[in-house]
Amino acid sequence: MKEELIQQSYKIAKERYAAIGVDTDKAIAELEKTQISLHCWQTDDVVGFERNDALSGGIQTTGNYPGRARNIDEVRKDIEFVKTLLAGNHRLNLHEIYGDFGGQFVDRDQVEVKHFQSWMDWAKENNMKLDFNSTSFSHPKSGELTLSNPDPAIREFWIEHTKRCRRIADAMGKAQGDPCIMNIWVHDGSKDLTVQRKKYREILVDSLDKIMEENLPDMKACFEAKLFGIGLESYTVGSHDFYTAYCATRKQMYTLDTGHYEQTENVSDFVSTLLMYVPELMLHVSRPVRWDSDHVTIMNDQTLDLFKELVRADGLHRAHIGLDYFDASINRIGAYIVGTRATQKCVLQALLEPLAKLREYENNGQNFERLALLEEAKSLPFGAVFDYFNLKNNVPVGEDFIPAIQEYEKNVTSKR
Ligand code: RNT
Ligand code: ZN
């Protein structure tokens with residue numbers, strides 16, 4: 001019965017969209033191909049398996065909802081379950097601290113491909129591709145400065161770490177026959193005033209250039225800028241202008257995290273300029289509430305505008321979509337599903353925009369018509385298309401994923 005209703009609603013929606021020149025089947029096919037890189041760190045509050053210590057280094061999780069994944073098996077089990085509730089084939093984004101260290105302490109400048117072999121095997125079995133991140137936080141050598149540290153010993157330590165991470169990413173890319181995207185984010189900055197802003201930026205550029213020297217064809221690096229970190233409020237070495245210039249001059253991928261901007265800025269406005277000067281974008285889709293709080297992504301204006309802008313700029317295929325939030329105050333699996341599905345909804349809405357007509361109006365100077373269609377497009381039956389997309393892919397439609405998560409909580413996470 002329900003299935004029939006979904007089919008019928010889709011049929012009507014399809015006609016409604018066709019009337020304004022939008023092909024819903026095509027949008028669904030595009031959405032099915034759109035992979036989202038699931039951030040492994042939502043399962044365990046960004047703790048990882050290196051020292052099982054609290055998170056430090058510019059970022060913070062809040063909340064202590066029961067059921068955190070405590071080891072590699074629990075993380076994998078959670079991701080396997082998450083996959084069953086999502087339409088489409090997604091990727092997994094790992095941080096270096098999630099290596100399979102076999103109970104040994106492996107320092108960051110010692111990490112090797114072998115520590116990720118079991119992840120690569122697991123990924124293959126589960127038909128998932130991997131992405132990767134070097135980890136500069138939560139370590140005694142993190143301090144205020146890592147790759148931009150004037151102390152050569154500390155700086156070398158982090159250069160070595162990041163070089164090794166690039167090799168691991170390259171091995172992952174080779175194994176999966178598709179480049180592994182490796183994000184480089186360092187929290188480097190200063191809590192209080194500094195009189196040597198330029199000096200640290202010069203050191204950072206030099207470190208990054210050294211890290212990028214080796215030719216590794218099966219990985220792609222991306223560089224994440226930020227406004228400020230917790231405890232590092234006065235200065236951020238890797239600011240937006242810094243990495244925009246770095247990526248533009250080095251022809252590298254730029255990571256745009258939606259939590260890393262001033263609260264009154266609309267992140268989508270950066271997309272078109274970046275697409276002109278950098279080859280590709282990595283997205284960290286998140287939700288800042290008053291600060292870079294990493295709340296669960298929802299279908300809000302910021303996220304909608306981001307994907308609309310990508311589609312309008314013909315840039316969706318040049319963007320790699322990843323999630324980046326860590327809410328420890330609610331069911332963590334639920335957080336995954338809500339955030340991933342919200343991201344898919346935003347991509348779908350962007351794909352369903354009557355762009356040809358809107359562009360035509362704009363080119364003709366018909367600005368009332370443009371505004372009117374933009375407004376009308378907001379209330380077109382996109383929900384019916386999203387329901388059908390999930391039905392077609394045999395995953396729960398609408399709120400039906402709630403009981404599935406409650407069941408998993410009852411049987412699995414609540415027992416941790
Ligand atoms: C921090 C950055 C970074 C981290 C992850 C864990 O502000 O957004 O991407 O969240 O690497
Ligand atoms: Zn991020």
Side-chain angles (χ1 to χ4, degrees), residues 46 55-60 93 95-96 108 132-139 141-151 154-163 165-166 169 181-213 220-262 265 267 270 273-274 277-284 286 288 291-292 294 320 322 324:
V46 213
L55 177 62
S56 65
I59 51 176
Q60 198 184 338
N93 201 2
H95 245 284
E96 186 271 350
R108 310 254 172 113
F132 199 51
N133 298 254
S134 51
T135 313
S136 66
F137 50 83
S138 305
H139 187 280
K141 288 196 173 76
S142 292
E144 285 201 339
L145 302 171
T146 62
L147 289 175
S148 60
N149 204 309
D151 177 343
I154 295 186
R155 178 179 173 235
E156 283 306 325
F157 176 87
W158 292 110
I159 291 178
E160 181 62 25
H161 167 70
T162 320
K163 280 184 172 173
C165 285
R166 280 194 67 220
I181 313 297
M182 183 183 127
N183 190 55
I184 299 177
W185 169 68
V186 293
H187 55 274
D188 293 33
S190 169
K191 178 181 169 78
D192 217 327
L193 304 176
T194 165
V195 292
Q196 304 190 85
R197 293 178 168 247
K198 185 154 174 280
K199 171 177 163 176
Y200 305 121
R201 290 192 168 128
E202 281 167 351
I203 299 175
L204 182 55
V205 167
D206 188 66
S207 298
L208 294 174
D209 283 346
K210 290 202 162 79
I211 288 162
M212 295 305 290
E213 261 164 22
K220 290 181 185 179
C222 48
F223 299 84
E224 182 174 9
K226 183 162 178 163
L227 194 57
F228 74 94
I230 299 170
L232 303 163
E233 290 87 354
S234 298
Y235 166 65
T236 301
V237 187
S239 58
H240 292 294
D241 43 342
F242 175 90
Y243 278 120
T244 304
Y246 188 80
C247 292
T249 51
R250 271 64 174 178
K251 300 285 166 241
Q252 294 293 326
M253 192 187 313
Y254 179 94
T255 303
L256 192 158
D257 183 310
T258 56
H260 290 188
Y261 291 79
E262 297 283 3
E265 278 175 326
V267 177
F270 298 89
T273 305
L274 286 167
Y277 294 104
V278 304
E280 286 178 297
L281 292 177
M282 174 74 208
L283 306 179
H284 276 189
S286 188
W291 64 288
D292 181 26
D294 287 296
H320 303 266
D324 186 16

Exercise for review: Under the side-chain contact (heavy atoms from CB on, under 4.5 Å) rule, what do L55 and F137 come out as? Steps first, then yes or no, please.
Suggested key: CA-CA 8 Å; L55 177 62; F137 50 83; 3.6 Å; yes
**Asked** Hey, mind stepping through V237 and L145 against side-chain contact (heavy atoms from CB on, under 4.5 Å) and telling me if it holds?
**Response** CA-CA 9 Å; V237 187; L145 302 171; 4.0 Å; yes
Run the numbers on S286 and D324 for side-chain hydrogen bond (donor to acceptor under 3.5 Å, both in side chains), then give the verdict.
-> CA-CA 5 Å; S286 188; D324 186 16; 5.8 Å; no
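With hydrogens and angles ignored, the 3.5 Å screen pairs a side-chain donor or acceptor of S142 with a backbone N or O of S136. R166 places a side-chain N or O within 3.5 Å of a backbone atom of I211 that can act as its donor or acceptor partner. Side-chain atoms of T236 do not come within 3.5 Å of backbone N or O of G238 as any donor-acceptor pair. No donor-acceptor pair closer than 3.5 Å links the side chain of E202 to the backbone N or O of Y200. Checking side-chain atoms of R108 against main-chain N and O of T135 turns up a donor-acceptor pair under 3.5 Å.
Using a 4.5 Å heavy-atom cutoff, the side chains of D209 and Y246 are in contact. The shortest side-chain heavy-atom distance between H284 and N183 falls under the 4.5 Å cut-off. Side-chain atoms of N133 and W185, non-hydrogen and from C-beta on, never get closer than 4.5 Å to each other. Side-chain contact between L208 and L147 is present, with heavy atoms from C-beta onward closer than 4.5 Å. Proximity of Y235 to E144: side-chain heavy atoms (C-beta onward) are nowhere separated by under 4.5 Å. Side-chain contact between L256 and L274: present, with at least one pair of heavy atoms (C-beta onward) separated by less than 4.5 Å.
No hydrogens or angles considered: a donor-acceptor pair under 3.5 Å links the side chains of R155 and S207.
One finds the SG atom of C247 at 13.0 Å from the CE atom of M282 (value rounded to the nearest 0.5 Å). The CD1 atom of I184 sits 11.0 Å away from the CE atom of M253 when rounded to the nearest 0.5 Å. Rounding to the nearest 0.5 Å gives a distance of 12.0 Å between CD1 of I159 and OG of S134. Distance check, rounded to the nearest 0.5 Å: SG of C165 to NE2 of H95 gives 9.5 Å. Note that CZ of R201 and CG of D206 are 16.0 Å apart. Values are rounded to the nearest 0.5 Å. Rounding to the nearest 0.5 angstrom, the gap separating the CG atom in L227 from the CD atom in E262 is 4.5 Å.
Ring planes of W158 and H161: perpendicular class, angle over 60° (limits at 30 and 60°).
Checked against the 6.0 Å centroid criterion, the rings of Y254 and F270 do not qualify as a close aromatic pair. Aromatic rings from H260 and Y243 are positioned such that their centres are separated by 6.0 Å or more.
Residue D241 comes nearest to S239 through the heavy atom pair OD1-OG, 2.6 Å, listed as atom of the first residue, atom of the second, then distance. Heavy atoms only, all atoms of each residue included: G58 and K226 are closest at O-NZ, 3.9 Å. Closest non-hydrogen pair, E233 versus F228, comes out as CG-CD1, 3.9 Å. Closest heavy-atom contact between P279 and Q252: CD-O, 3.2 Å. In terms of heavy-atom proximity, I181 sits nearest to H320 at CD1-CE1, 3.6 Å. Considering every non-hydrogen atom in both S148 and L204, the closest pair reads CB-CB, 3.9 Å.
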